[in-house]
Participant: 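One structure coming up, written as structure tokens, with questions to follow.
When a residue number appears, it is its place in the shown sequence, counting from 1. Start at 1 and go down the list; that is how both ligands and their atoms are numbered. If you're wondering where the values come from, they're calculated on a predicted model, not measured in any experiment.
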Amino acid sequence: AEDGEGVLASHFHALMMFTKVDKSRSLQDKFKVAMLSMMMHADFLDDEVLVLHFVSDPGSQKLGEKILQEFLKDATFKYEVLFHDELALTHKLFPIVEAMQKHFSAGSGAYYSDAIFFLSVAMHLIMPENITRIVQLDLDLKYKTNIRDLFLEFQHFPPEAVIGITREMQPVYRHTFWQFRKENPQTKVGEPPPNGLPGVNSGVMLLDLGAMRNSVLYNQLLQPNNVAKLAEQYRFRGHLGDQDFFSMIGMEHPQLFYPLACGWNRQLCTWWRDHGYTDVFHMYYHCEGPVYIYHGNCNTPIPND
Ligand code: UDP
Ligand code: MN
């Protein structure tokens with residue numbers, strides 16, 4: 001396979017956050033569903049390698065290695081498994097994302113350990129230069145199709161796009177941007193699809209690291225003064241980490257994002273339906289077309305179809 005630059009792109013990089021998994025039976029079950037369904041549908045060409053990256057702690061890594069050994073043993077294609085130490089990555093990440101944490105983190109947002117929730121935002125500065133594309137995936141997913149097809153979506157990025165991502169399927173940003181919406185009654189910010197700007201969900205993300213490195217605009221938006229300016233402009237205060245950052249900069253610069261079809265991250269959580277948004281919920285939750293990946297977010301069970 002050739003990428004845009006004509007360089008042999010035989011490695012398909014996928015990254016998952018994999019921390020405190022040894023402490024949580026629920027996370028272990030989600031991980032097994034994700035890996036089993038991924039491997040059941042995955043298929044690659046002879047010269048291709050699926051590289052699975054896990055950001056982990058020692059306890060979770062030990063458990064992960066054991067489970068993966070069993071789940072990968074019948075793979076019909078080449079693969080590699082790489083564990084990244086959460087603490088080592090946090091050490092690199094913290095100086096880059098420290099200033100944005102107060103806008104998009106729970107609590108005071110000053111915690112060093114919270115920096116890891118912003119890994120995707122600075123992935124282009126953290127990963128080695130030879131990795132030019134990576135897909136970041138949650139553990140609470142169930143794959144209905146070949147994961148290779150997700151990587152093919154990189155080919156559809158328009159010139160200015162740096163990240164491919166699916167819209168958020170609950171009215172969470174209708175809620176978060178309430179003050180801005182009150183002051184700007186005609187705004188599309190927080191409005192439902194197809195014409196509104198409902199924000200994005202970070203469960204499935206295509207990070208074009210090459211494009212992220214080359215985009216002057218994207219790197220300007222990472223600067224603390226520019227983050228503060230936008231947060232002020234939109235009266236934004238969130239707690240969902242990278243997803244909040246991407247949703248906010250997407251309101252101002254939608255051209256940075258390639259909108260992945262809703263079926264690539266079919267979120268199932270319905271929490272906001274029962275918390276003040278019953279009347280509008282369906283407009284956000286609606287997703288037409290085939291489901292490629294289910295996302296059982298907020299611990300929602302995934303259907304057995
Ligand atoms: N995660 C993790 N350890 C934890 C909690 C979360 O590694 O203790 C990772 C895992 O990859 C998970 C992702 O963080 O899928 C996001 O959390 P979750 O999917 O629970 O959030 P939701 O999608 O429900 O908002
Ligand atoms: Mn999730």
Participant: Which option, Asn297, Leu141, Leu268, Thr300, owns the non-hydrogen atom nearest atom 25 (O) of ligand 1?
Facilitator: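 Closest candidate by heavy-atom distance is Asn297.
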Participant: For ligand 1, does Leu240 get within less than 4.0 Å through its side chain, its backbone, both, or neither, judged by non-hydrogen atoms?
Facilitator: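 For Leu240, there is no contact with ligand 1 at all, from either part.
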Participant: Suppose the cut-off is 2.8 Å; which protein N/O/S atoms would you list for the Mn ion (ligand 2)?
Facilitator: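 Correct list: Asp138 OD2, Asp140 OD1, Asp140 OD2, His295 NE2.
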Participant: For atom 4 (C) of ligand 1, is the nearest protein heavy atom under 4.0 Å away?
Facilitator: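 Neighbour list for atom 4 (C) of ligand 1 includes protein heavy atoms (cut-off 4.0 Å).
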Participant: Hey, which atoms in ligand 1 end up nearer than 4.0 Å to a heavy atom of Phe18?
Facilitator: 7 (O)
Participant: To the closest 0.5 Å, what do you measure between CG (Leu152) and CZ (Phe12)?
Facilitator: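 Between atom CG of Leu152 and atom CZ of Phe12 there are 7.0 Å.
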Participant: Determine whether any protein heavy atom is located less than 4.0 Å from atom 7 (O) of ligand 1.
Facilitator: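 Within 4.0 Å: yes, protein heavy atom nearby.
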Participant: What I'd like to find out is whether the side chain of His295 reaches to under 4.5 Å of the side chain of Val204, using heavy atoms alone.
Facilitator: no
Participant: Just let me know how Lys30 lines up against ligand 1, side chain, backbone, both or neither, with a heavy-atom cut-off below 4.0 Å.
Facilitator: neither
Participant: I'd like to check Ser120 versus Phe246 (side-chain heavy atoms, cut-off strictly below 4.5 Å). Are they in contact?
Facilitator: yes
Participant: Check the orientation of Phe31 and Phe54. Use parallel for under 30°, tilted for 30 to 60°, and perpendicular for over 60°.
Facilitator: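 Rings of Phe31 and Phe54: perpendicular, as their planes differ by over 60°.
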Participant: Could an N or O of ligand 1 be found under 3.5 Å from any N or O of Val21, whether backbone or side chain?
Facilitator: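 For ligand 1, there is no N or O atom that lies under 3.5 Å from one belonging to Val21.
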Participant: Can you find an N or O of Asn299 that's nearer than 3.5 Å to an N or O of ligand 1?
Facilitator: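 Min N/O separation from ligand 1 is not below 3.5 Å for Asn299.
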Participant: Can you confirm, on distance only, whether ligand 1 has an N/O atom lying under 3.5 Å from any N/O atom belonging to His295?
Facilitator: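 Between His295 and ligand 1, an N or O pair is found under 3.5 Å apart.
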Participant: When you measure from the centre of the six-membered ring of Tyr285, is the NZ or CZ of Arg266 closer than 6.0 Å and no more than 45° off the axis?
Facilitator: yes
Participant: I'd like to know if Gly203 contacts ligand 1, where contact means a heavy-atom distance under 4.0 Å to any ligand atom.
Facilitator: no
Participant: In ligand 1, which numbered atoms sit nearer than 4.0 Å to a non-hydrogen atom of Cys298?
Facilitator: 24 (O)
Participant: Go through Tyr284 and Arg174 one step at a time and tell me if the side chain to side chain contact (heavy atoms under 4.5 Å, CB included) criterion holds.
Facilitator: CA-CA 10 Å; Tyr284 295 83; Arg174 187 185 186 96; 2.9 Å; yes
Participant: If you measure every N/O of Lys20 against every N/O of ligand 1, is any gap under 3.5 Å?
Facilitator: no
Participant: Looking only at protein heavy atoms, which one is nearest to atom 13 (C) of ligand 1, and how far off is it?
Facilitator: Asp138 OD1, 3.5 Å
Participant: Going by distance only, is there an N or O of Leu139 that falls short of 3.5 Å from an N or O of ligand 1?
Facilitator: yes
Participant: May I ask you to list the atoms of ligand 1 that are less than 4.0 angstrom from any heavy atom of Thr19?
Facilitator: 2 (C), 3 (N), 4 (C), 7 (O), 8 (O)
